[in-house]
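Just below is one structure, and these are the notes that go with it.
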Amino acid sequence: QVQLVESGGGSVQAGGSLRLSCAASGRAFSEATMGWFRQALGKEREFVAGITWSGLTWIGSQTYYADSVKGRFTISRDNAKNTVYLQMNSLKPEDTAVYYCAACGFHYSRGPYREDDYDYWGQGTQVTVSS
(Lines give C-alpha, C1' and ligand atoms only; values in the text may rest on other atoms or scores of the structure.)
Protein backbone atom coordinates (compact mmCIF):
# COMPACT_ATOMS: atom_id res chain seq x y z
CA GLN A 1 0.00 0.00 0.00
CA VAL A 2 1.06 3.54 -0.76
CA GLN A 3 -0.28 6.67 0.84
CA LEU A 4 0.26 10.09 -0.69
CA VAL A 5 -0.27 13.30 1.24
CA GLU A 6 -0.12 16.70 -0.45
CA SER A 7 0.65 19.92 1.35
CA GLY A 8 1.75 23.46 0.60
CA GLY A 9 -1.34 24.82 -1.07
CA GLY A 10 -2.81 28.18 -0.26
CA SER A 11 -3.69 31.59 -1.62
CA VAL A 12 -1.21 33.83 -3.39
CA GLN A 13 -1.19 36.92 -5.57
CA ALA A 14 -0.49 36.64 -9.27
CA GLY A 15 3.24 36.49 -9.87
CA GLY A 16 3.87 34.82 -6.53
CA SER A 17 5.20 31.38 -5.72
CA LEU A 18 4.18 28.26 -3.86
CA ARG A 19 5.84 24.91 -3.30
CA LEU A 20 3.69 21.82 -3.09
CA SER A 21 4.90 18.67 -1.37
CA CYS A 22 3.80 15.09 -1.86
CA ALA A 23 4.96 12.77 0.89
CA ALA A 24 4.78 9.05 0.14
CA SER A 25 4.59 6.32 2.75
CA GLY A 26 4.31 2.56 2.58
CA ARG A 27 5.75 0.70 -0.36
CA ALA A 28 8.97 1.97 -1.87
CA PHE A 29 9.22 1.77 -5.64
CA SER A 30 12.46 0.75 -7.33
CA GLU A 31 11.18 2.43 -10.45
CA ALA A 32 8.25 4.74 -10.50
CA THR A 33 6.28 7.49 -12.07
CA MET A 34 5.00 10.33 -9.96
CA GLY A 35 2.98 13.20 -11.25
CA TRP A 36 1.02 16.28 -10.42
CA PHE A 37 -2.42 16.88 -11.85
CA ARG A 38 -4.85 19.70 -11.28
CA GLN A 39 -8.53 20.31 -11.67
CA ALA A 40 -10.01 23.76 -11.96
CA LEU A 41 -13.68 24.60 -11.51
CA GLY A 42 -15.64 23.63 -14.57
CA LYS A 43 -12.74 21.77 -16.15
CA GLU A 44 -11.45 18.23 -16.31
CA ARG A 45 -8.38 17.13 -14.43
CA GLU A 46 -5.22 17.80 -16.41
CA PHE A 47 -1.59 16.82 -16.29
CA VAL A 48 0.79 19.40 -14.82
CA ALA A 49 4.18 17.77 -14.26
CA GLY A 50 5.72 14.34 -13.86
CA ILE A 51 8.94 12.63 -12.88
CA THR A 52 10.17 9.12 -13.63
CA TRP A 53 13.12 7.12 -12.36
CA SER A 54 14.47 3.59 -12.22
CA GLY A 55 16.47 1.77 -9.56
CA LEU A 56 17.60 -0.80 -12.11
CA THR A 57 19.89 1.57 -13.99
CA TRP A 58 22.17 4.51 -13.31
CA ILE A 59 20.21 6.74 -15.66
CA GLY A 60 18.96 9.87 -13.99
CA SER A 61 15.32 10.67 -13.55
CA GLN A 62 13.39 12.51 -16.23
CA THR A 63 10.94 15.33 -15.81
CA TYR A 64 7.95 16.31 -17.89
CA TYR A 65 5.74 19.37 -18.00
CA ALA A 66 2.54 20.56 -19.52
CA ASP A 67 3.08 23.34 -22.03
CA SER A 68 1.08 25.72 -19.87
CA VAL A 69 3.57 25.51 -16.98
CA LYS A 70 6.92 25.06 -18.73
CA GLY A 71 9.43 27.58 -17.51
CA ARG A 72 7.37 28.37 -14.41
CA PHE A 73 6.98 25.06 -12.56
CA THR A 74 9.67 22.61 -11.48
CA ILE A 75 9.14 19.06 -10.24
CA SER A 76 11.81 17.43 -8.10
CA ARG A 77 12.34 14.50 -5.78
CA ASP A 78 13.99 14.03 -2.39
CA ASN A 79 14.78 10.34 -1.99
CA ALA A 80 15.70 10.65 1.69
CA LYS A 81 12.31 12.12 2.54
CA ASN A 82 10.28 10.07 0.04
CA THR A 83 8.85 13.34 -1.14
CA VAL A 84 8.15 14.91 -4.51
CA TYR A 85 7.88 18.67 -4.83
CA LEU A 86 6.28 21.04 -7.27
CA GLN A 87 7.82 24.48 -7.18
CA MET A 88 5.41 26.93 -8.78
CA ASN A 89 6.69 30.37 -9.77
CA SER A 90 5.11 33.25 -11.66
CA LEU A 91 1.68 31.97 -10.74
CA LYS A 92 -1.29 33.07 -12.79
CA PRO A 93 -5.01 33.14 -11.95
CA GLU A 94 -5.53 30.31 -14.42
CA ASP A 95 -3.32 28.13 -12.20
CA THR A 96 -6.09 28.14 -9.61
CA ALA A 97 -7.14 24.54 -9.04
CA VAL A 98 -7.02 21.60 -6.71
CA TYR A 99 -3.65 19.94 -7.19
CA TYR A 100 -3.30 16.19 -6.85
CA CYS A 101 -0.25 14.01 -6.45
CA ALA A 102 -0.27 10.58 -8.07
CA ALA A 103 2.08 7.60 -8.24
CA CYS A 104 2.56 4.18 -9.79
CA GLY A 105 5.28 1.54 -9.73
CA PHE A 106 5.95 1.57 -13.45
CA HIS A 107 7.97 3.63 -15.88
CA TYR A 108 5.88 4.05 -19.00
CA SER A 109 7.61 4.76 -22.27
CA ARG A 110 4.75 7.06 -23.20
CA GLY A 111 5.54 9.28 -20.25
CA PRO A 112 3.56 10.34 -17.18
CA TYR A 113 0.75 12.18 -18.94
CA ARG A 114 -2.19 9.79 -18.57
CA GLU A 115 -4.04 9.77 -15.28
CA ASP A 116 -5.36 6.26 -15.91
CA ASP A 117 -1.79 4.96 -15.58
CA TYR A 118 -1.63 5.92 -11.92
CA ASP A 119 -2.60 3.58 -9.08
CA TYR A 120 -2.33 5.92 -6.10
CA TRP A 121 -3.69 9.41 -5.52
CA GLY A 122 -3.53 11.98 -2.79
CA GLN A 123 -6.50 13.92 -1.48
CA GLY A 124 -5.51 17.16 -3.18
CA THR A 125 -4.49 20.60 -2.04
CA GLN A 126 -6.12 23.86 -3.07
CA VAL A 127 -4.12 26.54 -4.87
CA THR A 128 -5.78 29.90 -5.39
CA VAL A 129 -4.11 32.68 -7.37
CA SER A 130 -5.71 36.11 -7.30
CA SER A 131 -5.19 38.88 -9.82
Side-chain angles (χ1 to χ4, degrees):
Q1 295 181 342
V2 174
Q3 181 180 358
L4 304 177
V5 179
E6 303 100 329
S7 62
S11 298
V12 66
Q13 294 278 78
S17 299
L18 287 172
R19 188 178 74 162
L20 306 184
S21 299
C22 176
S25 62
R27 177 185 175 185
F29 295 123
S30 296
E31 58 182 67
T33 300
M34 295 192 69
W36 288 95
F37 292 77
R38 67 186 182 187
Q39 186 168 24
L41 285 174
K43 293 194 174 185
E44 296 183 356
R45 188 158 56 186
E46 65 176 352
F47 171 80
V48 177
I51 185 168
T52 61
W53 66 91
S54 174
L56 303 178
T57 72
W58 52 267
I59 299 175
S61 61
Q62 299 181 35
T63 57
Y64 308 79
Y65 299 94
D67 289 340
S68 59
V69 305
K70 284 182 178 178
R72 299 189 298 120
F73 291 11
T74 303
I75 187 170
S76 61
R77 180 179 66 137
D78 187 330
N79 290 342
K81 297 182 178 180
N82 293 320
T83 300
V84 171
Y85 302 96
L86 184 67
Q87 178 67 46
M88 305 185 294
N89 298 326
S90 301
L91 283 163
K92 305 174 181 179
E94 50 263 46
D95 295 318
T96 296
V98 176
Y99 284 70
Y100 298 90
C101 178
C104 67
F106 300 93
H107 185 182
Y108 295 99
S109 61
R110 57 175 173 263
Y113 309 108
R114 299 173 59 173
E115 62 183 78
D116 287 347
D117 286 339
Y118 293 86
D119 300 312
Y120 308 99
W121 292 83
Q123 293 298 306
T125 184
Q126 177 70 47
V127 172
T128 302
V129 184
S130 60
S131 60

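Since we're looking at a predicted model, the values are computed, not measured.
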Checklist outcome for this item: In terms of heavy-atom contacts, A24 and L4 come closest through CB-CD2, 3.6 Å
Item to check | Passing candidate, ring-ring contact (aromatic ring centres under 6.0 Å, His included) with Y118, options Y113, F37, F47 | outcome: F37
Checklist entry - Should K92 and D95 count as an ion pair when the cut-off is N to O under 4.0 Å? => result no
Checklist entry - Do M34 and V2 belong to the same hydrophobic cluster, where Ile, Leu, Val, Met, Phe, Trp and Tyr are linked whenever their side-chain heavy atoms lie under 4.5 Å apart, directly or via other members? => result yes
Checklist entry - Among the clusters formed by ILVMFWY side chains lying less than 4.5 Å apart, do Y64 and L20 turn up in the same one? => result no
Item to check | Common cluster, Y120/L86, ILVMFWY with side-chain heavy-atom separation under 4.5 Å | outcome: yes
Item to check | Donor + acceptor pair across side chains of T52, Q62 (<3.5 Å) | outcome: no
Checklist entry - Under the 3.5 angstrom rule, does the side chain of T96 hit a backbone N or O of T128 as a donor-acceptor pair? => result no
Checklist entry - Is the Lys NZ or Arg CZ of R45 less than 6.0 Å from the centre of Y100's six-membered ring, within 45° of the axis? => result yes
Checklist entry - Just how far is it from atom OG1 of T63 to atom OH of Y65, taken to the nearest 0.5 Å? => result 4.0 Å
Checklist entry - Does a side chain donor of either Y85 or R19 reach within less than 3.5 Å of an acceptor in the other side chain? => result no
Checklist entry - What pair of heavy atoms forms the shortest contact from G105 to D119, and how long is it? => result N-OD2, 4.5 Å
Checklist entry - Okay, side chain of E6, backbone of Q123: is any donor-acceptor separation there less than 3.5 Å? => result yes
Checklist entry - Will you find, in the side chains of S17 and N89, an N or O donor that is under 3.5 Å from an N or O acceptor? => result yes
Checklist outcome for this item: Taken to the nearest 0.5 Å, the spacing of S90 OG from R72 CZ works out to 7.0 Å
Next on the checklist: As an exercise, state the distance from OG of S68 to CD of E94, rounded to the nearest 0.5 Å.
Outcome noted: 9.0 Å
Next on the checklist: With a 4.5 Å cut-off on side-chain heavy-atom distances among I, L, V, M, F, W and Y, is there a chain of contacts connecting V12 to Y99?
Outcome noted: yes
Checklist entry - What is the distance from atom CD of E44 to atom CZ of R38, rounded to the nearest 0.5 Å? => result 14.0 Å
Next on the checklist: Looking at R110, is its backbone amide N or carbonyl O close enough to the side chain of R114 to form a donor-acceptor pair, meaning the two atoms are under 3.5 Å apart?
Outcome noted: no
Next on the checklist: Check whether T83 reaches the backbone of D78 with its side chain - one donor and one acceptor, N or O, closer than 3.5 Å.
Outcome noted: no
Checklist entry - How many angstroms lie between CH2 in W36 and SG in C22, if you round to the nearest 0.5 Å? => result 5.0 Å
Next on the checklist: Check for me, please, whether I75 and W121 land in the same ILVMFWY cluster - side-chain distances under 4.5 Å, paths through other members count.
Outcome noted: no
Checklist outcome for this item: Correct closest heavy-atom pair for G50 and P112 would be CA-CG, 3.9 Å
